[in-house]
Amino acid sequence: MRLCTFNVNSIRQREEIVKNLINEYKIDIICMQEIKTEEVNFPKFDDMHCIIHGQKKLNGVATCSVFEIEKYQKGFEGELSEARFIYALINGIHIINIYAPLGDNYGERFEYKIYFYNKLFEFLKNFDLQKDKILICGDFNISHTELDVWDEEIWEGEVTHLPEERAILSKFLDIGFIDIIRKKYPNEKVFSFYDYRGAAVYKNEGLRLDYILVTKPLFDKFKDVEILTAIRRKRKPTPSDHVPVVAEFDI
DNA sequence: ATGGCTAAGATACTTAGA
């Protein structure tokens with residue numbers, strides 16, 4: 001089973017890139033973020049089942065699968081104002097697709113980011129983290145450690161790399177999740193986002209904001225993960241500012 | 001293409017992204 005997480009930065013602008021990616025990498029399940037459109041304008045994906053949680057202009061997430069989607073939930077209980085969360089049960093795996101709020105340096109949007117993660121941890125109480133196969137993927141908008149920022153001095157005190165945010169990522173690991181990208185690259189700076197501004201990708205000025213976290217029962221089936229940076233470096237068609245990440249499991 | 005932002009909604013420019 002091959003699963004991809006990809007912040008597409010508008011599905012209408014990225015339809016060709018996404019469909020080529022699915023074909024080339026034989027993706028079975030793709031979790032997209034920042035689709036930036038409502039469900040009615042989401043393109044058709046042949047031979048895939050899609051759960052779309054969209055809104056006009058901003059945000060929006062979609063989970064598409066070649067396998068049957070046994071059940072799903074769009075948004076958290078009592079929190080439907082911004083489309084940032086889809087839960088889907090596929091092949092006995094609980095798949096959570098998130099687009100976390102960016103937040104700001106300790107303003108109102110930062111509070112919303114903390115609230116969003118509190119809602120996510122609350123949602124996880126539905127599961128047995130020791131026994132269930134759970135996968136959380138998407139754009140966390142957190143750069144966990146100094147390995148996840150291109151320049152630690154520049155990023156100190158900036159949103160995505162504030163101590164409270166880094167603690168949230170650590171909390172996932174503390175409760176039993178495994179960061180499969182970091183498992184593959186334990187000591188290496190690898191990135192999944194390059195700002196469009198300042199030619200960041202050509203200078204390797206990136207951040208790692210996109211994650212695939214899995215519980216132990218699923219980690220036992222983990223084979224490999226790839227960060228497809230080459231797609232980000234192409235000029236035409238215009239890439240997303242985020243990089244697709246593809247994970248393979250022996251399932 | 002030897003430098004350098006992009007998308008949406010609006011309809012010439014603002015807002016948001018990280």
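Per chain, numbering begins at 1; letters A, B, ... match sequence-line order.
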Determine: side-chain N/O of A:Ser10 to OP1/OP2 of B:dA8, distance under 4.0 Å, yes or no.
->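 Answer yes for this pair, as a side-chain N or O of A:Ser10 is under 4.0 Å from OP1 or OP2.
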
Phosphate OP1/OP2 of B:dA18: any A:Arg208 side-chain N/O under 4.0 Å |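 For A:Arg208, the contact criterion (side-chain N or O under 4.0 Å from OP1 or OP2 of B:dA18) is not met.
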
Length of the line joining [X]:[atom1] and [N]:[atom2], which is rounded to integer Å:
| X | N | atom1 | atom2 | result |
| --- | --- | --- | --- | --- |
| A:Phe116 | B:dA18 | CZ | P | 13 Å |
| A:Gln13 | B:dC5 | CD | C1' | 13 Å |
| A:Ile142 | B:dA18 | CD1 | C1' | 13 Å |
| A:Gln55 | B:dA8 | CD | C1' | 12 Å |

Name the residue closer to the 5' end of DNA chain B, choosing between A:Lys203 and A:Asn7 according to the nucleotide with the nearest heavy atom.
->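 Its nearest nucleotide lies further toward 5', so the answer is A:Lys203.
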
Where each residue is assigned the nucleotide of DNA chain B containing its nearest heavy atom, which of A:Gly198 and A:Leu209 is assigned the position nearer the 5′ end?
->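 It is A:Gly198, whose closest nucleotide lies nearer the 5' terminus.
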
Please measure how far the [atom1] atom in [N] lies from the corresponding atom in [M], and state the result in whole Å.
| N | M | atom1 | answer |
| --- | --- | --- | --- |
| B:dT6 | B:dA1 | P | 12 Å |
| B:dA7 | B:dA18 | C1' | 15 Å |
| B:dT15 | B:dT11 | P | 14 Å |

Which residues satisfy the ring-ring contact (aromatic ring centres under 6.0 Å, His included) test with A:Phe140, sequence neighbours excluded?
->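 Here the qualifying residues are A:Phe172, A:Tyr211.
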
Return the set of residues passing ring-ring contact (aromatic ring centres under 6.0 Å, His included) with A:Phe127 (not counting sequence neighbours), or none when no residue passes.
->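 Residues passing ring-ring contact (aromatic ring centres under 6.0 Å, His included) with A:Phe127: A:Tyr87, A:His94, A:Phe123.
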
Residue pairs, two or more places apart or on separate chains, that pass salt bridge (Lys or Arg N to Asp or Glu O under 4.0 Å) and touch [range]:
| range | answer |
| --- | --- |
| residues 5-21 of chain A | A:Glu15-A:Lys19 |
| residues 178-202 of chain A | A:Asp148-A:Arg182, A:Asp179-A:Arg208, A:Lys184-A:Asp224, A:Asp195-A:Arg197 |
| residues 122-146 of chain A | none |

Do any N or O atoms of the protein come closer than 3.5 Å to N or O atoms of nucleotides 1-3 of chain B, and which pairs are they?
{"unit_1": "B:dG3", "atom_1": "N7", "unit_2": "A:Arg235", "atom_2": "NH2", "d": "3.3"}

All side-chain hydrogen bond (donor to acceptor under 3.5 Å, both in side chains) counterparts of A:Asn97, not counting sequence neighbours =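 A:Gln33, A:Thr63.
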
Apply side-chain hydrogen bond (donor to acceptor under 3.5 Å, both in side chains) to A:Gln13 and list each qualifying residue two or more places apart in sequence or on a separate chain.
->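 Partners of A:Gln13 by the side-chain hydrogen bond (donor to acceptor under 3.5 Å, both in side chains) criterion come out as none, since no residue qualifies.
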
Check the interface with nucleotides 14-17 of chain B: list each N/O to N/O pair with the protein under 3.5 Å, or write none.
{"unit_1": "B:dG17", "atom_1": "O6", "unit_2": "A:Arg197", "atom_2": "NH1", "d": "2.9"}

Side chains of A:Ser240 and A:Asn9, donor plus acceptor under 3.5 Å =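 There is no such pair between these side chains.
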
How are the rings of A:Phe222 and A:Phe219 set to each other: parallel, tilted or perpendicular (split at 30° and 60°)?
->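 Rings of A:Phe222 and A:Phe219: parallel, as their planes differ by under 30°.
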
Using heavy atoms and a sub-4.0 Å distance, could you list which residues of residues 150-163 of chain A are near DNA chain B? By number, please.
->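 Within this stretch, A:Thr160 sit under 4.0 Å of the strand.
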
A:Met32 side, atom CE; A:Ser10 side, atom OG - distance, nearest 0.5 Å =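 Output value for this atom pair is 11.5 Å.
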
Can you figure out which of B:dA7, B:dA18, B:dG4 approaches the side chain of A:Tyr202 most closely?
->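 When the side chain of A:Tyr202 is considered, B:dG4 is the closest of B:dA7, B:dA18, B:dG4.
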
Let me have the donor-acceptor pairs involving side chains of residues 41-52 of chain A, under 3.5 Å, with sequence neighbours excluded, atom names and distances please.
none

Please go through A:Tyr115's hydrophobic cluster and name the other residues, only I, L, V, M, F, W, Y counting, with side-chain heavy atoms under 4.5 Å joining them.
->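 When side chains under 4.5 Å apart are linked, the cluster holding A:Tyr115 also contains A:Tyr112.
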
